[in-house]
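Bear in mind that the values here come from a model prediction, so they are computed numbers and not experimental data. Every chain is numbered from 1 and lettered A, B, ... according to where its sequence line falls, protein lines coming before strand lines.
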2 protein chains.
Amino acid sequence: MSIDSDSVSPPGNAPSRGSRRADDTRARLLHAAEATFSAKGFHGTTTRDIARAAGISPTALYVHHSSKEELLYLISRTGHEQALQVVRDALRSSEDPVVRLRAMVHDFAMYHARSHVMSRVVNYELAALSGDHLDEILAIRREITEEMRSLVDGGIAAGAFDPPDRRLAVAALISLGVDIARWYRDDGVPPERIADAYAAMAVRFMRPN
Amino acid sequence: MSIDSDSVSPPGNAPSRGSRRADDTRARLLHAAEATFSAKGFHGTTTRDIARAAGISPTALYVHHSSKEELLYLISRTGHEQALQVVRDALRSSEDPVVRLRAMVHDFAMYHARSHVMSRVVNYELAALSGDHLDEILAIRREITEEMRSLVDGGIAAGAFDPPDRRLAVAALISLGVDIARWYRDDGVPPERIADAYAAMAVRFMRPN
DNA sequence: GCATCGACTGAACGATCATTCATGGGAATA
DNA sequence: TATTCCCATGAATGATCGTTCAGTCGATGC
């Protein structure tokens, strides 16, 4: 997907009450940054690239955002919050560990396939964030890991899971989802098929023999 | 691991017969580039960063290599060739599909954990390669995928594997290995434990129910 | 002991970078 | 219609980029 226009609100620089025009420009700016960061990386992208893709002058970028890094931060935060929400919603869908696991892996994979442009930025451009911003993002990442861990531990406690290593089972579940952002292509395997297959494989390697 | 000194030979720019001193500098340059590209990305790294890490002047870089991109190319090529070799060696180790799968996942994981610095460059900086260099690297990547596919298809034909989707089973096997380069930390879970757990999980999700 | 030559360097170049500044235009309000 | 002020701009700034150039240095061969 990417950034919804209703999630585009007053960032650090701009006035609190944005006009419709300003909100629209802000949204286009974020989409443009998302696409260029994803394709060329943060350091490989110039503010002129972003401005051109958004259809404005390089200067106008600074009317809405205080820096190029702020754009990366906003994209990272939105993406991480969305991913955390996806995981939490899936875990709320049932009490049965196997059903929850299937839903979580399925939805996590779906999210990374459909939002692969944003997810590439979210997962591979972390090093370009400023110290404070990075700390905030890492906190959200820890929450995602924590949700996964609670799913795995709960399933083990209930006798529904028996992975060879609970910590590495969590790592594997995350890797299967995150790495989709790296290899996914729009003209390849459709998201739904990826999600179904990955959910099935995850259930298999978590289930007791 | 990283680059062995014996794999450091005449690159594009330098004379064919290198002195011991030149070979040593070349090797330090490649190690330095590997480390900085891995930490800050290709575009986030300056030639001055690399030179400083190698203990030489920025100018000396061009005595041994024609450009910054050439360094990335040499690292990418070495890394991909090593990964392909790891996969091929593992597949040669047995005729039994399950044994081969276990060896392949184990060794592929070991390689990405031990060479995580290089593997980050290899897997996440492809976009910075020049057109010709990228084509050459992508050809090696296709060979790696092809080896994995033959393993999976062979196992299915022999009745030893029954994954929910053979194409996505290959994707999952690659993701488990590659993504280690993203999350691995030297002070975390040791490579051998990762490799064992991943091999066990892979066997579980490939085996018929 | 001297000449040679490969390895290396400091200074510099043009290009391009993120960002700022002074200013203009146009939509919304009165 | 007149006024206001947000949104946007062209031009410019200092910094930094990848790379080149004209040499220096020190080890090696005679």
Check your understanding: For B/T46, which contact category applies under a 4.0 Å heavy-atom criterion: base, sugar-phosphate, or nothing?
Key -> sugar-phosphate
Point to revise | Side-chain donor/acceptor of A/T59 to base of D/dG10, under 3.5 Å | key: yes
Practice item. Classify the side chain of A/R48 and the base of C/dA18 as holding, or not holding, a donor-acceptor pair under 3.5 Å. Key: yes
Would you call [X]-[Y] a salt bridge at under 4.0 Å N-O?
{"X": "A/R20", "Y": "A/D23", "answer": "no"}
{"X": "B/D24", "Y": "B/R21", "answer": "no"}
{"X": "B/D196", "Y": "B/R193", "answer": "no"}

For [X] and [N], what is the distance between atoms [atom1] and [atom2] respectively, to the nearest whole Å?
{"X": "A/K68", "N": "C/dT20", "atom1": "NZ", "atom2": "P", "result": "14 Å"}
{"X": "B/L61", "N": "D/dC17", "atom1": "CG", "atom2": "C1'", "result": "13 Å"}
{"X": "B/R20", "N": "C/dG6", "atom1": "CZ", "atom2": "P", "result": "18 Å"}
{"X": "B/D49", "N": "D/dG18", "atom1": "CG", "atom2": "C1'", "result": "12 Å"}
{"X": "B/Y62", "N": "C/dC13", "atom1": "OH", "atom2": "C1'", "result": "13 Å"}
{"X": "B/L29", "N": "C/dA7", "atom1": "CG", "atom2": "P", "result": "13 Å"}
{"X": "A/H65", "N": "D/dA8", "atom1": "NE2", "atom2": "P", "result": "11 Å"}
{"X": "A/D24", "N": "D/dC6", "atom1": "CG", "atom2": "P", "result": "19 Å"}

Is the phosphate of [N] approached by [X] (side-chain N or O, under 4.0 Å from OP1 or OP2)?
{"X": "A/S57", "N": "D/dA8", "result": "no"}
{"X": "B/H43", "N": "C/dC17", "result": "no"}
{"X": "B/H64", "N": "C/dC8", "result": "yes"}
{"X": "A/T25", "N": "D/dC7", "result": "no"}

Check your understanding: Quick one: does B/R28's side chain have a donor or acceptor within less than 3.5 Å of a partner on B/A54's backbone?
Key -> yes
Practice item. Could you tell me whether a side-chain N or O of A/R120 sits under 3.5 Å from a main-chain N or O of A/A181, the two making a donor and an acceptor? Key: yes
Residue [X], side-chain atoms from C-beta onward, closest of [options]:
{"X": "A/I56", "options": "C/dC8, D/dT9, C/dA18", "value": "D/dT9"}
{"X": "B/V63", "options": "C/dA7, D/dA8, D/dG18", "value": "C/dA7"}
{"X": "A/A60", "options": "D/dT9, D/dT19, C/dA7", "value": "D/dT9"}

